[in-house]
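All remarks here apply to the structure that follows.
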2 protein chains.
Amino acid sequence: MLELAILGFLYGAPLHGYVLRRHIAALTGHVRPVAESTLYPAIKRLEKAGLLVRATEPGAVAAPRHVLRLTEDGGRELKRRLAEPAQREITDENHWFTLLAFLRHLEDPAAQAAVLRRRLAFLEEPASFFYDGDRPLRAEELDDPFRRGVLTIARATSRAELAWLRDTLASLDRAGR
Amino acid sequence: MLELAILGFLYGAPLHGYVLRRHIAALTGHVRPVAESTLYPAIKRLEKAGLLVRATEPGAVAAPRHVLRLTEDGGRELKRRLAEPAQREITDENHWFTLLAFLRHLEDPAAQAAVLRRRLAFLEEPASFFYDGDRPLRAEELDDPFRRGVLTIARATSRAELAWLRDTLASLDRAGR
DNA sequence: AGACAATACCTCGGTGACGATGTATGCCGT
DNA sequence: ACGGCATACATCGTCACCGAGGTATTGTCT
């Protein structure tokens with residue numbers, strides 16, 4: 001998820017670590033903050049894998065900056081991760097939102113639509129958080145107000161997302177024709 | 001999050017690992033599956049910390065089971081984690097839903113309301129995923145349909161949750177009087 | 001002049017999570 | 001008789017992530 005965000009932000013726009021950090025904080029920081037001690041090692045991993053290169057520039061205000069630029073491999077890897085996300089990226093909202101934030105970089109409407117369809121299939125599966133044996137329970141069947149809240153909120157999210165998915169898929173299909 | 005789920009499921013209902021695993025899979029598995037190799041070490045950690053005890057029973061169908069039972073410390077720790085959640089438990093929906101699933105165990109309506117109010121405060125902060133400088137961007141201002149989707153879905157979730165929070169807080173306040 | 005915040009990057013130790021793999025039993029279908 | 005599946009638990013190596021702490025520079029407030 002973090003690596004995807006790094007690749008996504010660097011795609012077509014070289015940045016140095018500090019600015020990248022603020023971009024990532026804006027994207028997911030209110031929900032799931034990313035520590036500096038996570039970001040810098042992640043950058044090094046990507047550099048070691050040949051997905052980005054660093055160029056030292058004198059700092060505009062303070063210490064020297066390491067300007068990060070995606071390599072061609074890095075661009076390809078971003079598109080691969082966007083086009084063929086792991087199942088976790090589809091099911092976990094945090095991961096999914098990060099993917100959506102950069103899905104435009106995939107360019108091909110058919111490939112974008114294929115990813116949205118995977119999310120659609122996931123949302124259309126009957127699933128709950130609470131069960132009576134194998135039967136998923138509905139919000140109305142629960143006495144517990146907190147568990148009822150979980151289902152109520154999840155249902156609202158699901159409805160909004162399904163509507164958006166169907167709209168967006170329709171317009172991507174039009175674009176693909 | 002996993003430890004909270006273990007403590008929550010065991011509260012008042014001893015279970016063995018295999019059943020616990022299925023409970024956890026039902027609760028969060030469709031979004032974020034938990035590997036066996038994560039659950040068993042987590043159980044051991046909690047046992048080592050004195051929060052639960054294991055009793056070996058002959059297996060009903062197969063290998064012997066380890067029936068897990070919360071200790072008094074375990075019950076106290078569950079309530080402590082429910083009453084004083086880390087900020088991550090409040091902001092990250094995955095964590096928050098897990099907390100909500102067990103918040104009824106807190107019993108005291110005032111304590112439950114205090115936790116809900118922390119979530120309410122978080123949701124009422126103006127926040128976005130995308131910014132123009134420091135200004136949060138609204139869905140309508142975005143050209144990117146995928147980023148627009150993120151904001152549309154987040155807004156729907158937020159609205160549903162705010163409505164539910166206010167309702168539930170009102171009835172908790174009535175119960176507290 | 002000195003304190004402090006912001007910029008900018010880095011290392012280290014600990015730990016939680018994962019995939020792969022192993023062990024063993026009992027039931028069911030063929 | 002035997003394979004496959006569900007039950008039931010466990011270990012191992014690897015790695016991402018975190019908090020704490022460190023280094024250095026520039027600008028701002030007092």
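Convention: sequence-line order gives letters A, B, ...; per-chain numbering from 1.
Taking hydrophobic clusters as Ile, Leu, Val, Met, Phe, Trp and Tyr residues chained together by side-chain heavy-atom distances below 4.5 Å, A/Val67 does not share a cluster with A/Leu20. Criterion: ILVMFWY side-chain heavy atoms under 4.5 Å apart, direct or through other members. Under it, B/Leu165 and B/Phe122 are part of a common hydrophobic cluster.
For A/Arg32 and D/dC18, the shortest distance from a side-chain N or O to OP1 or OP2 is not below 4.0 Å. Proximity of A/Arg65 to the phosphate of D/dT25: no side-chain N or O atom is located under 4.0 Å from OP1 or OP2.
Annotation: proximity of residues 37-45 of chain A to DNA chain C (heavy atom, distance under 4.0 Å) is found for A/Ser37, A/Tyr40, A/Lys44, numbered in ascending order. Within residues 11-28 of chain B, the residues having any heavy atom closer than 4.0 Å to DNA chain D are, in order of number, B/His16, B/Gly17, B/Tyr18. Only at 4.0 angstrom or more do the heavy atoms of residues 84-92 of chain A sit from any atom of DNA chain D, so none qualifies.
Atom-to-atom, CD of A/Glu36 to P of D/dA24 comes out at 17 Å; the value is rounded to the nearest Å. When rounded to the nearest whole Å, the span between CG of B/Leu2 and P of D/dC17 equals 18 Å. The distance between atom NE2 of B/His95 and atom P of D/dC18, rounded to the nearest whole Å, is 10 Å. Taking atom CE of A/Met1 as the reference point, atom P of D/dC15 lies 21 Å away to the nearest angstrom.
Of the residues B/Glu47, B/Arg69, B/Lys44, the one that meets the side-chain contact (heavy atoms from CB on, under 4.5 Å) test with B/Leu52 is B/Glu47. Among B/Leu4, B/Asp92, B/Ile24, the one residue that satisfies the side-chain contact (heavy atoms from CB on, under 4.5 Å) test with B/Thr98 is B/Leu4.
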Quiz: residues 9-18 of chain A side-chain donor-acceptor pairs under 3.5 angstrom, not counting sequence neighbours:
unit_1: A/Tyr11; atom_1: OH; unit_2: A/Lys79; atom_2: NZ; d: 3.0
unit_1: A/His16; atom_1: NE2; unit_2: A/Arg65; atom_2: NE; d: 3.4

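You'll find that the side chain of A/His66 is closest to C/dC10, out of D/dA10, C/dC18, C/dC10.
Looking only at distances, a side-chain donor or acceptor of B/Arg147 sits under 3.5 Å from a matching main-chain atom of A/Ala101. Judged by distance alone, with hydrogens and angles left aside, the side-chain atoms of B/His23 form a donor-acceptor pair with the main-chain N or O of B/Val19 at under 3.5 Å.
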| said: Run the side-chain contact (heavy atoms from CB on, under 4.5 Å) test on A/Leu106 and A/Leu103 for me, step by step, so that the C-alpha distance in whole Å, both residues' side-chain angles and the decisive distance to 0.1 Å come before the verdict. | reply: CA-CA 6 Å; A/Leu106 209 47; A/Leu103 193 57; 3.8 Å; yes

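No hydrogens or angles considered: a donor-acceptor pair under 3.5 Å links the side chains of A/Arg118 and A/Gln87.
The aromatic ring centres of B/His30 and A/Phe129 sit less than 6.0 Å apart.
Annotation: the terminal axes of the helix from C/dA1-D/dT30 to C/dT30-D/dA1 meet at 20°, where each axis is the rotation carrying the C1' atoms of four end pairs onto the next four (5 pairs per end, rounded to 10°).
Every pair tested for ring-ring contact (aromatic ring centres under 6.0 Å, His included) that includes a residue from residues 154-174 of chain A fails, sequence neighbours excluded, so the list is empty.
One finds the CZ atom of A/Arg155 at 12.5 Å from the CG atom of A/Leu162 (value rounded to the nearest 0.5 Å).
For the pair A/Arg45/A/Leu51, no side-chain contact is recorded, criterion being any heavy-atom separation below 4.5 Å from C-beta on.
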